[in-house]
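Order of the sequence lines fixes the chain letters, A, B, ..., with proteins taken first and strands second; residue numbering starts at 1 for each chain.
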There are 2 protein chains.
Amino acid sequence: MRSTSLLKVGLWTLAAAVALPATASANDELIAMEKDAKQWSQAAGNYANTRYSELKQINGSNVGSLQVAWQFSTGVLRGHEGGPLVIGDTMYIHTPFPNIVYALDLNDNGRVIWKYEPKQDPDTIPVMCCDTVNRGVSYADGKVILHQADTTVVALDAKTGKEVWKVANGDAKKGETGTSVPHIIKDKVIVGISGGEFGVRGSVTAYNLKDGSLAWRAYSMGPDSDTLLDPAKTTSLGEPVGKDSGTSTWEGDQWKIGGGTTWGWYSYDPDLDLFYYGSGNPSTWNPKQRPGDNKWSMTIFARDPDDGMAKWVYQMTPHDEWDFDGVNEMILADIDIGGKTRNVLVHFDRNGFGYTMDRATGELLVAEKYDPAVNWATHVDMKTGRPEVVAQYSTDQNGEDVNSKGICPAALGSKDQQPAAFSPKTKLFYVPTNHVCMDYEPFRVSYTAGQPYVGATLSMYPAPGGTHLGNFIAWDAATGKIVWSDPEPFSVWSGALATAGDIVFYGTLEGYLKAVDAKSGKELFKFKTPSGIIGNVNTYEHGGKQYVAVLSGVGGWAGIGLAAGLTEDTAGLGAVGAYKALNSYTQLGGVLTVFSLP
Amino acid sequence: MRSTSLLKVGLWTLAAAVALPATASANDELIAMEKDAKQWSQAAGNYANTRYSELKQINGSNVGSLQVAWQFSTGVLRGHEGGPLVIGDTMYIHTPFPNIVYALDLNDNGRVIWKYEPKQDPDTIPVMCCDTVNRGVSYADGKVILHQADTTVVALDAKTGKEVWKVANGDAKKGETGTSVPHIIKDKVIVGISGGEFGVRGSVTAYNLKDGSLAWRAYSMGPDSDTLLDPAKTTSLGEPVGKDSGTSTWEGDQWKIGGGTTWGWYSYDPDLDLFYYGSGNPSTWNPKQRPGDNKWSMTIFARDPDDGMAKWVYQMTPHDEWDFDGVNEMILADIDIGGKTRNVLVHFDRNGFGYTMDRATGELLVAEKYDPAVNWATHVDMKTGRPEVVAQYSTDQNGEDVNSKGICPAALGSKDQQPAAFSPKTKLFYVPTNHVCMDYEPFRVSYTAGQPYVGATLSMYPAPGGTHLGNFIAWDAATGKIVWSDPEPFSVWSGALATAGDIVFYGTLEGYLKAVDAKSGKELFKFKTPSGIIGNVNTYEHGGKQYVAVLSGVGGWAGIGLAAGLTEDTAGLGAVGAYKALNSYTQLGGVLTVFSLP
């Protein structure tokens with residue numbers, strides 16, 4: 001199966017598919033650029049995924065007078081996830097399907113330098129589970145890389161917008177789609193894949209930045225030759241994973257449609273030369289249909305970017321029964337734990353636990369609930385790494401066609417794609433969260449390529465004891481404790497930004513951009529942008545002035561009712577009912593808003 | 001023909017179609033409301049169509065620090081003409097097709113109180129000549145009145161958005177569409193019709209505000225019983241119009257598909273009890289095909305709102321050869337002319353002449369070019385009221401299949417729908433203009449109901465001697481002179497607002513909201529909103545604070561290339577070529593922006 005896929009992937013670039021000499025140039029360039037706080041050169045601001053900026057012209061004492069500097073409508077409705085890049089005097093923004101990319105001139109209030117609009121089959125839209133989102137483009141070596149909905153990865157000349165190369169990473173007819181940002185690590189473009197609700201087998205694929213030729217592909221499940229796990233050298237909590245763990249934890253051939261898709265925000269440690277990402281839910285959502293741990297769905301991977309081989313793995317939620325994807329971002333930070341500085345990876349999982357791990361070894365240091373509502377497991381066993389599941393909330397134990405009620409969090413997790421930020425000044429993590437619970441009824445489903453393969457009916461609602469659906473929290477990853485928590489009426493579906501001005505920014509589903517004090521969480525600024533914010537906030541400096549930029553445009557899973565015009569409570573994989581009140585606050589529309597001080 | 005149409009119009013409201021006693025209540029209410037500068041109770045701010053506000057908290061000394069207070073995306077792309085109403089604590093806004101209406105809560109940053117989305121046949125879109133625009137809703141007597149693209153006029157309960165009544169004003173299958181704001185005068189809702197490019201015979205129809213029953217209809221051409229012209233009492237420049245002037249100036253039955261549509265901004269003088277509006281181009285655009293003066297296309301009408309009878313008429317462009325519609329607004333003002341205060345009507349015609357007339361008698365006082373580029377006529381004969389046409393630019397004299405080059409202005413006129421403002425303080429008119437010329441080649445065309453009936457190929461370009469396509473000017477209507485003129489890169493397709501703060505606002509196609517000094521035209525403020533502005537600026541006060549509001553959303557005839565995705569230079573009735581550079585500045589997207597001082 002793997003060789004067939006490789007052949008297919010390689011077809012468009014067959015002529016160039018010979019091995020190329022490795023070059024570290026792109027890596028060096030990006031490492032240098034992330035140190036220049038004036039630019040925002042990667043989706044997360046840097047390889048460590050901290051979404052932290054050293055800029056401090058805008059700070060706690062003046063952020064209250066922040067105002068809108070200029071705006072740009074993208075011309076596209078539906079959910080605008082991701083955020084802008086700033087490279088020199090140019091800003092690059094993207095849209096949901098049809099995945100337009102704009103290069104905007106910062107010297108002229110965002111005048112369009114070029115616009116790239118790929119031609120894509122609109123039949124791709126129905127196989128996108130959770131709105132037609134795209135999480136942005138990447139930059140390196142004079143190229144802007146876009147990962148289209150139809151899985152085409154295209155490199156554009158950053159100056160002209162002309163295509164340099166393109167390659168098909170998957171096949172939308174099988175439900176394989178592209179929603180995530182491509183990650184440029186060393187001389188490779190590393191892309192994930194979406195489609196866990198269509199039985200897509202997740203993979204991470206590296207293309208050579210120079211010409212788009214295939215370097216390697218690592219699947220989330222399958223034989224070791226597919227997963228690029230070494231039975232002896234790849235470890236999980238310090239122990240070798242053993243032979244073919246990606247097939248032996250599945251019944252029969254189920255791993256071939258096993259899910260574990262890979263659409264999150266990846267991070268990279270240049271010193272360890274490892275990159276980190278998570279895999280999503282096993283397919284189907286009906287756990288009874290797929291006995292076993294379903295490895296390596298729901299897993300954190302640490303891989304070598306040169307050949308894709310995994311150094312270590314850790315599965316947060318073996319045999320998922322709730323759609324608690326493990327795709328959420330891994331943030332790399334150096335923090336004191338027990339009086340010792342540890343090089344850690346921090347991960348806020350959909351399952352409601354915040355994990356702190358040694359990023360060199362995969363040692364589990366902390367695993368605590370970052371929303372007190374979480375009830376599906378009592379705790380994580382720090383020896384085995386396994387959650388202690390509460391029988392009442394086990395959709396597997398309750399069985400098919402039984403509606404398990406009151407499970408917290410809901411399938412969209414205590415956090416979904418909305419990325420957290422980390423400030424090295426406060427040593428705190430700033431996490432946009434969901435405070436949502438669910439009823440979950442699994443049912444038997446059969447697989448047809450390109451058709452939904454969900455197998456559960458869900459409904460969602462606010463966690464007990466209140467009506468609010470979200471919190472924006474500060475988290476101490478050394479102790480696993482919430483430091484402060486700001487309630488929000490709706491899930492905070494926007495990515496956070498922390499700055500050296502000791503303030504933290506985030507957006508809300510009603511459309512507010514907010515700034516809060518990094519130490520106390522006190523609200524210092526809010527502004528109602530044109531539409532709900534599910535994009536990520538960034539900051540940059542231009543002409544001696546600090547700017548803050550964010551995409552509005554409600555949608556995504558939380559906003560799928562508005563985005564796709566759905567009204568049934570259980571529609572949108574169960575999300576529509578919970579977010580109905582959103583319709584009273586905002587409507588669709590993609591707009592970039594750039595803020596500055598007067 | 002008339003009785004058939006009346007029957008059809010009345011069908012939906014047959015039960016209520018009995019005669020109702022006249023009531024002046026709505027009139028009194030609106031007259032009272034327009035005196036309350038805190039509200040913006042009519043599309044133009046008042047019956048006189050001055051778009052002037054007594055508010056002056058925002059003035060020349062502080063407008064430079066104006067900033068965005070809050071925003072609301074409408075969820076609709078394409079051109080957003082018109083502007084918001086403010087009634088008490090509620091703002092009402094509308095969208096292009098599908099003509100959604102929102103009631104927004106001013107006490108909560110524009111939270112949606114209700115949303116009304118009519119169901120309309122999407123086949124209406126192709127019969128809208130110049131984008132899917134709508135110019136707004138009206139308010140009176142607890143009702144919000146919407147004129148849909150498919151010509152349905154619907155009254156909504158202002159508190160709940162529920163339908164109170166609705167009536168079909170025309171038939172989109174014949175090319176009849178609704179784009180204009182309904183005008184509420186006394187106890188009537190008076191609506192025009194669009195479709196001059198489809199051979200629609202223009203009419204103005206009055207429905208009773210109470211229940212939507214038909215009161216009267218007056219056609220632009222046809223026998224006197226259709227036009228509601230009295231051969232003896234209705235005058236044109238002081239002379240009785242004579243019998244059946246609306247058929248005798250046409251060849252055969254051509255008046256039945258004669259155009260003269262009526263989609264502009266109407267004004268009303270309560271003292272004279274007359275309302276004023278203009279009619280558009282005669283159909284087809286090929287003048288050779290319709291000999292005669294083609295009355296009463298291209299005409300200013302002064303009518304009695306109770307029975308529709310015309311008191312006077314004046315045809316600006318007899319036998320049009322350039323699509324110089326006469327629909328542009330009539331502004332009512334009292335100004336000194338020759339040492340005497342005159343109650344005038346001022347009209348900036350598409351043909352490039354600014355007309356000042358006695359609004360009681362229809363006496364022509366001034367007719368001068370408000371763009372020096374105008375070349376199709378040397379002047380207007382003040383006795384006959386007829387323009388002196390320059391043979392070189394006569395598309396009729398040059399004949400069919402001959403490309404007449406260098407005609408100024410272009411078909412979209414020196415001004416189109418973008419309404420001007422008048423300040424009683426400065427006594428100046430502030431006029432958003434086009435500075436565009438054209439080549440025009442008429443050709444023979446045959447009529448088929450519901451199909452385009454244009455008969456000319458056009459291309460447009462900047463007026464000679466420059467590259468800019470617009471000017472924002474101040475005009476002295478007493479002398480017919482330009483007082484100052486601010487060049488703009490593109491046509492100023494937005495409506496102006498003048499205030500007692502001695503500032504004037506307008507929007508630009510690139511998306512800037514600008515404020516200029518009312519006396520000098522000096523730019524005091526500009527801000528780049530999300531998309532090009534073709535909407536009209538308004539102002540209101542809420543909670544003791546003055547706000548300025550405008551809809552962005554590029555489109556309309558000038559923006560039709562962007563709105564409809566057209567790229568051929570001669571597409572969009574010749575407009576696409578001239579405005580191509582617009583694509584570099586802005587993209588589609590409807591957003592309300594509300595500004596205030598910090």
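- K545(A) NZ: more than 12 foreign heavy atoms inside a 6.0 Å radius.
- The nearest pair of heavy atoms linking P530(B) to Q71(A) is CD-OE1, 3.2 Å.
- Rounded to the nearest 0.5 angstrom, Q67(B) CD and F527(A) CZ are separated by 8.5 Å.
- S531(A) and S73(B) get closest at one heavy-atom pair: CB-CB, 4.0 Å.
- Smallest separation of non-hydrogen atoms from R111(A) and S584(B): CG-O, 3.1 Å.
- Of the two parts of D105(A), neither the backbone nor the side chain holds a non-hydrogen atom closer than 4.5 Å to a non-hydrogen atom of chain B.
- Here the side chains of Y585(B) and N109(A) are not in contact, with every heavy-atom distance at 4.5 Å or above.
- Within a 6.0 Å radius of NZ in K580(A), more than 12 heavy atoms belonging to other residues, nucleotides or ligands are found.
- Of the listed residues (P598(B), A69(B), G590(B), G553(B)), the greatest number of heavy-atom pairs within a distance under 4.5 Å of chain A belongs to A69(B).
- Only the backbone of T74(B) has a heavy atom closer than 4.5 Å to any heavy atom of chain A.
- In this structure, L77(B) and L77(A) have side chains that are in contact, with non-hydrogen atoms separated by less than 4.5 Å.
- One distance of note links CG of L592(A) with CD of Q587(B); it measures 12.5 Å at 0.5 Å rounding.
- Interface residue F72(A): backbone and side-chain heavy atoms are both found under 4.5 Å from chain B.
- Between V591(A) and V591(B) there is a side-chain heavy-atom pair separated by less than 4.5 Å.
- If you measure heavy-atom distances from V68(A) to chain B, the contacts under 4.5 Å come from both the backbone and the side chain.
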